[in-house]
Each structure stands twice: as C-alpha cells, then as structure tokens.
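Reading through the structure tokens given below for one structure.
As the structure is a computational prediction, the values presented were derived from the model and not from experiment.
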Amino acid sequence: MSEPNTPRPHGREPAAPVDFIRQIINDDNRAGKHGGRVHTRFPPEPNGYLHIGHAKSICLNFGIAAEYGGRCNLRFDDTNPIKEEQEYIDSIKTDVRWLGFDWEDREFYASDYFEQLYEWARQLISDGKAFVCDLTGEQVREYRGTLTEPGKESPHRNRPAEENLDLFARMRAGEFADGSRTLRAKIDMAHPNLNMRDPVMYRILHAGHHRTGARWCIYPTYDWTHGQSDSMERITHSICTLEFENHRPLYDWYLRALGVYAPRQIEFARLNLTYTVMSKRKLLRLVQERRVSGWDDPRMPTLGGLRRRGFTPEAIRNFCARIGVAKTESTIDVQLLEHCVREHLNRVAPRAMAVLRPLKVVITNYPDDQVEQLEAINNPEDPAAGTREVPFSKVLYIERDDFMEAPPKKFFRLAPGREVRLRYAYFIRCDEAVKDPATGEVTELRCTYDPATRGGDAPDGRKVKATLHWVSARHAVAAEVRLYDHLFTQPDPETVPEGQDFTTTLNPASLEVLQGCRVEPGLAESGPAYRCQFERLGYFCVDPDSQPGRLVFNRTVTLKDTWAKIQKAER
RNA sequence: UGGGGAAUAGUGUAACGGCAGCACGACUGACUCUGGAUCAGUUAGUCUAGGUUCAAAUCCUAGUUCCCCAGCCA
C-alpha cells in the first residue's frame, strides 16, 4: 500500500457517516441475520415513466447491493391490468440501464407469482384467515368505519372454509361479475390501522393482462402481492417510501400467517425538488393537457426528460448520493441538481463557441478575403482533450448581450471606444455602432483589430476586461437552440390560492426557442445526445429532433453567471 | 376525536450522553484568454417548556407544528 498508515492524533477516525438504512444493514450483518447476505429490489409499477424520484430509489437499492456485495432485482409490480402496459416496461428498463445499473438475469414480474399467490390464498382460507366477501365496493367502504370509529364485520366473514374455497375457485373461473365479490383477509375490523380491517386480497377484474393475457380474471392487490414477492425472491431489505409505513403491519401479518421467510420493510422519504412536481398523476396531467411536449420533454423531471435535456447518469447518481436518505420529508433545492451536472460536464464536456443572438461585427482593417485558422483549447479542465482550429475572418458574429451602447458601471464587455478580446483570436476595438434609422436598433458593429494580438495576447502587456466568444459569419453553421427554465415559477408549485391548482404556477417562459443561432463549423456533424459547453453560455446537447443541416441544441444548464446576478440585483 | 411517522443554518444531511460538522445556496476577496472553473474567507442551526446529568441535538415528561392512512391504486 502506498498510503502510509498515519496515526490519528485525536483518537479514532470517525466512521464514515452512513444513512439509517445502511445502519440497519450493518446491524443485521453484525448480528449475522442473513449470513451477511444483502438482497434488495427495485419494484416499479409499469404504469408510467420513471422520474428523478425513482432514481433516488434505484440508486439506493442497486447502490446498497453493490456496496455490500449483494444483488438487486428489477421487479415489475404488475398486479393491476387496467393501468399497466408493455410500453412502460420497456421505458423503465431503458432508464434503469441508462442510469448505469444492471439487474443481470433477475428481471421479475409479480404476475409470475400469480399461481403461487393463489395457492397461498387457499391456504389462508383453509386456516380460517381469509374469506370470500359478497359486499360491493361501496358497502366495503361503509363497513370499514372511519379513522376514529371501528368498522363492522362483513356478514360473510364466518363462512365455512369449504364454501370459501368453492366460491374462490368460482371467482377464478369467471363465474362472477367485476366487483361483485372479493377475497379478504380476516384480521380485525376494529383495528386502529385501517389497513388491517379485513383488507382485500383479490378483486374480480375481467381484463386482459399485458403478460398473463386472459388467464386470470381475479387479480391480487398490492398488499397481498408485495411481501410474498419479496419473500420468494429472498429479499433481505425491502426498501420503500414513507407512505407504506402504515402497510408494514399487514406486510408482516401476511408473511407470518403463511409462515414463510420474512424480509424487513424499511421506509424512507421520497424525493421532492423545488420548481417541479413529481407525482405520476401530475406529470401525466402535464402531458395530457399538452403543457409539455411529452414524457421526455426536457423540462420534465422524468429520466427521459433529463436525458434529453443533456443530464448525465453520473450527475444524477452523484446527486442521489449527495441528497442522503432519511425519514424526514424534504424538498431538495433544484440548484443542487444543477450543480451536479455542471460539476460533471465541466470536467468532460468539450468547449465550443456558439452565438445565440447574433450581432454582426465587421473588422474594418482586416483583409476582405482572408481566413485564418486559430487554435482553440477543447477543454481547459482536460489537457488530453486537445485543441482544434476555428476559422476567423472579416465578418463575425458576437452575442448581442456582449455589446452595450451606454454601458453601466459594472458592464465590462464591448462598447463604443472600448477594447475587448475575441477568444483565441484578437483584441478588437469598437469604433462605431451602426443603427437602423427607423428603430434605433444596433444592427452592426464596426471594429478594428490589433494584428499583434493574434492568439489573444498583447505583446505590450496591455489588458482587456472581457473576452468574448464569436463565430466567423462565413463559416458558422445555423442552429436552433432551445433554452429551458424551471417548469414552475415558484419553489413549491402547489402553493396556490384557494380554488386553483399547480397548473396556474406553470412558468410561461420555461421554453424559449431561438432560431438563427450560429455555431462554430466543427459542430456541423454532431449527432443526437452530443454534449458540449458553449463557452460563456452553458452546457448544451444535440436534441433528437436535430437533422444534418438542421441542428437543434437543448440547453442543459447555464454556466454560473455573475453578470446576470448583478443585473438581477440591480433590478 | 383513532393509528402511524417526522422536526438540526435558507435547503439538505451528519454528530448515537462529551468541541454541532459537511454539501448546496448566499455574500467577500484572490486568480483567470469563459463574469466559467479554481482557491481563500464570511454568513447562518438543534421546534417549545420543564426535568435527569459534571455534561443533552441525543435520555425522560408535557406540549407545538408538519406528513401519511377511510382504493376492489401502487
């Protein structure tokens, strides 16, 4: 080992802090609970697309498995044929893989366990722990009681086991209409936890299932399925979100009643992010009401959306590692997510020059037809990324924001009479701003360059206060650039006046499409998902809409912008 | 009015009876051919009230606030 074993002057090195779930696992391992075995699972319902909240769970479950030398299963919780579709299964698999995790051959489906579940249900019936109930849905609700009052027992609760077995078999055989009967566990109608008031185990649903087809017309509920699925897969730690805490007694009850291996359910707080919504229901609404272009709209917190926006799996994994895991309900500042992408992209993204809102610059003392190839660094953070050549000529474009006719004190970019540097090129001085006589708008800058400053350094040692990015008008390639901002105008989109909902806080400026942008010629061939930094502007990636000759870029995130902050503060 | 949970800087998260630390943010400054990056620094916290203890974020008691549960959704 090259690392010297340095003694700590002040006693022991503090143990690396671990979250409460890893603490439980450590305790279990110390106690020899599963012989040191760690086996988790990520159990999505295939009824929607994965979002960054799922990423937290994926990173937790797969991450823990990896750290402890264990395994993590991918299991589709497909017990409700009405809402689930193959399309979602495919997208979920794509997303998990993209995030960087591998379930190897352990791709499971709750529906694969239907037969076993059915046999176990018969066992509970035989043990007098389950019964067929003829109450309608509405009646079941009435009989359940309320939060403060006990429920009433179903009149069918004490049917003989033989009759229950017969009825249950006929439920499966399709003799009864949807909703006409259920199989229920016989627990306690006065239990303070409503989940324990004779919960439904099976409902009749004459509906085709995406995997089992027409084989079943009764389907197990989540509660009756989940624990037993965990048990069959020998899961050691069944990690889920807080809202299932109330279900744990039932999870444990089923496993105990069956006398089978019992994993331990552990609940953690789901992820919330500022300036966005996370629930499947609300995301679905955004899609259905066309507030966004689809599930992979780059403004969506879905993994598909983030991917299209240009986020990297590394950045998302790092984000998930940093937010921690706890039981406190919390909302993470979206700036942390943005910090994580910037941090990663700063290290790996090649730099390029692109002008989003072009302002024409004519270098009056530059030879008309001359073109020079100037050397530019591809990534100052990564010398191995090398250099490239960018063409320079008499007519250029710079960013409109980089010129002001009457600059305020803290603005140190280009202005009449002022000298700045064009990155990797020359110092230029602005001699004149040509304006449209009708509108007063500046349409062109007439500047002179100092040939001695080629490459960007002045031999006489004089300094400039700003370095601008630019493109050569003749050589630049046109592009469309899509700028994104937060989807909502306030940190908590749900905080709305009485009678309104989260859609009223949608940010009307969350998407701005810029046409006629000019990017350096080296970008002409970049294909979808190509990520780079447009110097001084932010990180961008090529959208799938992009075509050769019709480039489309998405802005992933801006660079930190001190000038923008100054402007904002002065407003 | 039942049951189950949770409260630590602006936001997250550590500290497991012994100096309240870290990250993001915000704010200074240095440096800079990206107003980027980097570096240095500043800011700011234990829900409340009692109690136990030499010592409490941590243990005890009482309270406050917030979240979840009355799907044949998951």
Original post:
So what does A:Y219 hit on the nucleic acid, given a heavy-atom distance under 4.0 Å: a base, only sugar-phosphate, or nothing?
Top reply: nothing
**OP:** Identify whether any heavy atom of A:K410 sits under 4.0 Å from a base atom; if not, whether one sits that close to sugar-phosphate; answer base, sugar-phosphate or nothing.
**Re:** base
**OP:** Mind checking A:L559 for me? I need base, sugar-phosphate or nothing, with any heavy atom below 4.0 Å counting as a touch.
**Re:** base
Subject >> Atom-to-atom span, CD of A:E245 to C1' of B:G5 - whole angstrom >> reply: 5 Å
**OP:** Check the side chains of A:E389 and A:Y424 for a donor-acceptor pair under 3.5 angstrom, ignoring hydrogens and angles.
**Re:** no
**OP:** With A:R536 as reference, evaluate A:D561, A:T467, A:D402 under the side-chain hydrogen bond (donor to acceptor under 3.5 Å, both in side chains) test and give the passing residue.
**Re:** A:D402
**OP:** Look at the side-chain N and O atoms of A:Q23 and state whether any lies under 4.0 Å from the OP1 or OP2 oxygen of B:A15.
**Re:** yes
**OP:** Scan A:H469 against the nucleic acid and name what it touches under 4.0 Å (heavy atoms): base, sugar-phosphate only, or nothing.
**Re:** nothing
Original post:
Per the side-chain contact (heavy atoms from CB on, under 4.5 Å) rule, which among A:I316, A:I332, A:V334 passes with A:I52?
Top reply: A:I316
Original post:
Using a cut-off of less than 4.0 Å, is there contact between a side-chain N or O of A:R536 and OP1 or OP2 of B:G35?
Top reply: yes
Original post:
At under 4.0 Å between heavy atoms, what does A:T182 touch on the DNA or RNA strands: base, sugar-phosphate, or nothing?
Top reply: base
Original post:
Which part of the nucleic acid, if any, lies within reach of A:V325 when heavy atoms closer than 4.0 Å are counted: base, sugar-phosphate only, or nothing?
Top reply: sugar-phosphate
**OP:** Measure from the side-chain heavy atoms of A:E329 and tell me the nearest of B:G25, B:C67, B:A6.
**Re:** B:C67
Original post:
With sugar-phosphate meaning primed atoms plus P, OP1 and OP2, does A:Y202 contact a base, only sugar-phosphate, or nothing at under 4.0 Å between heavy atoms?
Top reply: nothing
Subject >> A:S111 and its side-chain contact (heavy atoms from CB on, under 4.5 Å) partner, picked from A:Y109, A:F108, A:Y113 >> reply: A:Y109
Original post:
With a 4.0 Å cut-off on heavy atoms, is A:Y143 in touch with a base, just the backbone sugar-phosphate, or nothing at all?
Top reply: nothing
Original post:
Within the pair A:K560 and B:A37, is there a side-chain N or O less than 4.0 Å away from OP1 or OP2?
Top reply: yes
Original post:
Base, sugar-phosphate alone, or nothing: which one does A:D178 contact when heavy atoms must sit under 4.0 Å apart?
Top reply: nothing
**OP:** Between B:C73, B:C24, B:G4, spot the one nearest the side chain of A:Q335, thanks.
**Re:** B:C24
**OP:** Tell whether A:R248 reaches the base of B:G4 with its side chain through a donor-acceptor pair below 3.5 angstrom.
**Re:** no
**OP:** Pick base, sugar-phosphate or nothing for A:K565, based on heavy-atom distances below 4.0 Å to the nucleic acid.
**Re:** sugar-phosphate
**OP:** Kindly say if A:T467 contacts the phosphate of B:U32, meaning a side-chain N or O under 4.0 Å from OP1 or OP2.
**Re:** no
Original post:
Where does B:G29 fall, syn or anti, if syn means a chi angle no more than 90° from 0?
Top reply: anti
Original post:
NA contact type, A:R144, heavy-atom cut-off 4.0 Å: base, sugar-phosphate, or nothing?
Top reply: sugar-phosphate
**OP:** Tell me what A:L147 touches on the nucleic acid: a base, only sugar-phosphate, or nothing, going by heavy atoms under 4.0 Å.
**Re:** base
Subject >> A:R413/A:D401 ion pair, N-O < 4.0 Å >> reply: no
**OP:** Just call it for A:R141: base, sugar-phosphate, or nothing, with non-hydrogen atoms closer than 4.0 Å on any strand.
**Re:** sugar-phosphate
Original post:
Stepwise, does the side chain to side chain contact (heavy atoms under 4.5 Å, CB included) test hold for A:Y539 with A:F534?
Top reply: CA-CA 6 Å; A:Y539 296 96; A:F534 288 170; over 6 Å; no
Original post:
Base, sugar-phosphate, or nothing for A:T136, non-hydrogen atoms under 4.0 angstrom?
Top reply: base
Subject >> Gap between atoms CZ and P, on A:R421 and B:U32 respectively (whole Å) >> reply: 11 Å
Subject >> Distance, rounded to the nearest Å, where A:Q265 contributes CD and B:C68 contributes P >> reply: 18 Å
**OP:** Answer yes when A:R388 and A:E375 have at least one side-chain N-carboxylate O distance shorter than 4.0 Å, and no when they do not.
**Re:** no
Subject >> Proximal nucleotide (of B:G36, B:U13, B:G35) relative to the A:P380 side chain >> reply: B:G36
Subject >> Below 4.0 Å: OP1/OP2 of B:G12 and any side-chain N or O of A:S330 >> reply: no
**OP:** Using only side-chain N and O atoms of A:T148, determine if any of them is under 4.0 Å from OP1 or OP2 of B:G3.
**Re:** no
Original post:
Can you find a donor-acceptor pair, distance only, under 3.5 Å between A:R322 side chain and B:U13 base?
Top reply: no
Original post:
Reckon A:R342 has a side-chain N or O less than 4.0 Å from the OP1 or OP2 of B:C24?
Top reply: no
Original post:
Nearest of B:G10, B:C69, B:G35 to any side-chain atom of A:N246?
Top reply: B:C69
